[in-house]
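Below is one structure; the comments refer to it alone.
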Amino acid sequence: MCGIVGLFIKNPEMEQQLGEHLSNMLLEMTERGPDSAGVAIYHDSVTDGSTKITLLSHGRNYAWDKFEHDISAAFGGGTRTEIRADHAVIVVAAAATDVHAWLHQHYPDLHLTSSGNTIETFKQKGLPADLIDRFQLRQLRGTHALGHTRMATESAVTTEHSHPFSTGLDLCLVHNGSLSNHNRLRESLRKHGVEFQTDNDSEVAAGYLMWRMREGATLDEALQAAIEDLDGFYTFAVGTRDGFAVLRDPIGCKPAVMAETSDWVAMASEFRAIATLPGADDARIWEPEPEKIYSWQRA
Amino acid sequence: MNEVDLATTKVHELNAALHGVTATAGERSWNVLNPRGHHSIAAGLNAPLSVLVKGHVGYYCGGMNKEADVTITGNAGPGVGENIMSGLIRVKGNASQYAGASGHGGTLVIEGDAASRCGISMKGVDIVVGGNVGHMSAFMAQAGNLIVCGDAGHHLGDSIYEAHLFVRGSIDSLGADCIEKELRSEHIDVLERLLQIAGIKAQAKDFRRYGSARKLYNFHIDHAHSY
């Protein structure tokens, strides 16, 4: 069991309270996943040619000053760093591939949790209440966000094994369920050059979607292909730069509920997460059907 | 009439109060406010109570119900009326998966749609769905009636033992050992009685009946290749 939530803001005035609403939703999913919690939040797109990365350090007193000095020296001025607990969000005036290569060479101890134009991800072991408090998630604003509370059923309980998993630019995935063919699929994807940072099953799903989209598929096409290639139980919520999508496996054991008002679209493992949102009682509420892709995009 | 607001009262406190009512003592009529998707609201009732839940409920609302009449004005999460023994549970909105699972008796009315596995392993409960049911409904059903006024998803009645399934609309597919059967006058009587209880206006003659072909009751050597 795990808990997943997603919130897509339609009314721009609500973007200021995205972190507040996301936090309230995540708290309701505490019992579904007390092992770890994480969020991906989309806000403040950087200019084209720049890259926004989120890095996870090991230990609270990481020497971010030195890191910032080094990355500025490597890529010139214009870098911005924002520290949240043991994570740092860094904007670099360079292409993602160059930034990744530099990180790999100079700072292999740092864990890249996400990278792109808009996405930021924060995750850690423990309860969602601790994540919200430590990362001051209630202050965050943005256009859309995903969240996850994990009850581990396979790989280890560590921050690195926590969701969301982000394997492609601005692409992230949260998962409730378990995949049964992830080992073979991971090996196959590695042959296609997809890199994985853990032995977690959900990371394989994220890597799979990234690979499909890198090969030219749209998100919907990648998800359609996933129905054939992923074996196991899942409700996925997938975030992209412009929106998010939801997919349940053909058996549809893992719960999911969706709701929409004129102000927002939300998904969650259970309605009680959605009940925290303004206007939830009068929202259009439905259960997503198995094998059907639901997606929203910013116009 | 007692009123309980779940914004200020815990579900277990509500349920303890409802469990304190007996056939001869205690307030029979209850309103529950702000259910907000909480689990197990009005579960385990064991007396002729009347409970009105105003809003949407989470998992297992009205589970194990005996004698009580529970109405949910909104939607219900997974397992509404699971293992119902008697009484009536009514969902005015939609129900999530495995509504009425393994119910032994009583009646479950879902005025909207029910998701997958509605009436899975039903053992005597009567279920009336105003809209559609999802895939694998009445899986391994053993006794009772499932009435679907809309359409049914894939594998309806898969591995059914007994139980009567009535569907007015289309069926994506029948499950293993589930076949269409003749709609006789005694079935019309059952349909009319249950549709009246449900308050759903539908003509009994518009339904088709499905049930067990009874081919899976015993291992048959001629079917060995199927295993």
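- Contact record, Ile285(A) with Asn94(B): O-ND2, 4.3 Å, taken as the closest heavy-atom pair.
- The local environment of NZ in Lys66(B) is sparse, with at most 12 non-hydrogen atoms from other residues, nucleotides or ligands closer than 6.0 Å.
- Expressed to the nearest 0.5 Å, how far CZ of Arg248(A) lies from OG of Ser116(B) amounts to 6.5 Å.
- Contact of the Asp281(A) side chain with the His56(B) side chain is registered, since non-hydrogen atoms from C-beta on lie closer than 4.5 Å.
- Interface remark: Pro290(A) contributes side-chain atoms only to the contact with chain B (heavy atom separation under 4.5 Å).
- Across Gly58(B), Gly134(B), Gly77(B), Ser96(B), the residue that shares the most heavy-atom pairs under 4.5 angstrom with chain A is Ser96(B).
- Between Glu28(A) atom CD and His38(B) atom NE2 the span is 6.5 Å, to the nearest 0.5 Å.
- For Arg298(A), the CZ atom is densely surrounded, since the number of other residues' heavy atoms within 6.0 Å is greater than 12.
- Residues Glu287(A) and Ala115(B) approach most closely at OE2-CB, 3.2 Å, considering heavy atoms.
- Both the backbone and the side chain of Ile251(A) come within contact range of chain B, each with at least one heavy atom under 4.5 Å from a heavy atom of that chain.
- Only the side chain of His39(B) comes within contact range of chain A, judged by heavy atoms closer than 4.5 Å.
- Taking the side chain as every heavy atom from C-beta outward, Cys253(A) and Arg117(B) approach each other to under 4.5 Å.
- Within 6.0 Å of CZ in Arg141(A) there are 12 or fewer heavy atoms belonging to other residues, nucleotides or ligands.
- If you measure heavy-atom distances from Tyr59(B) to chain A, the contacts under 4.5 Å come from the side chain alone.
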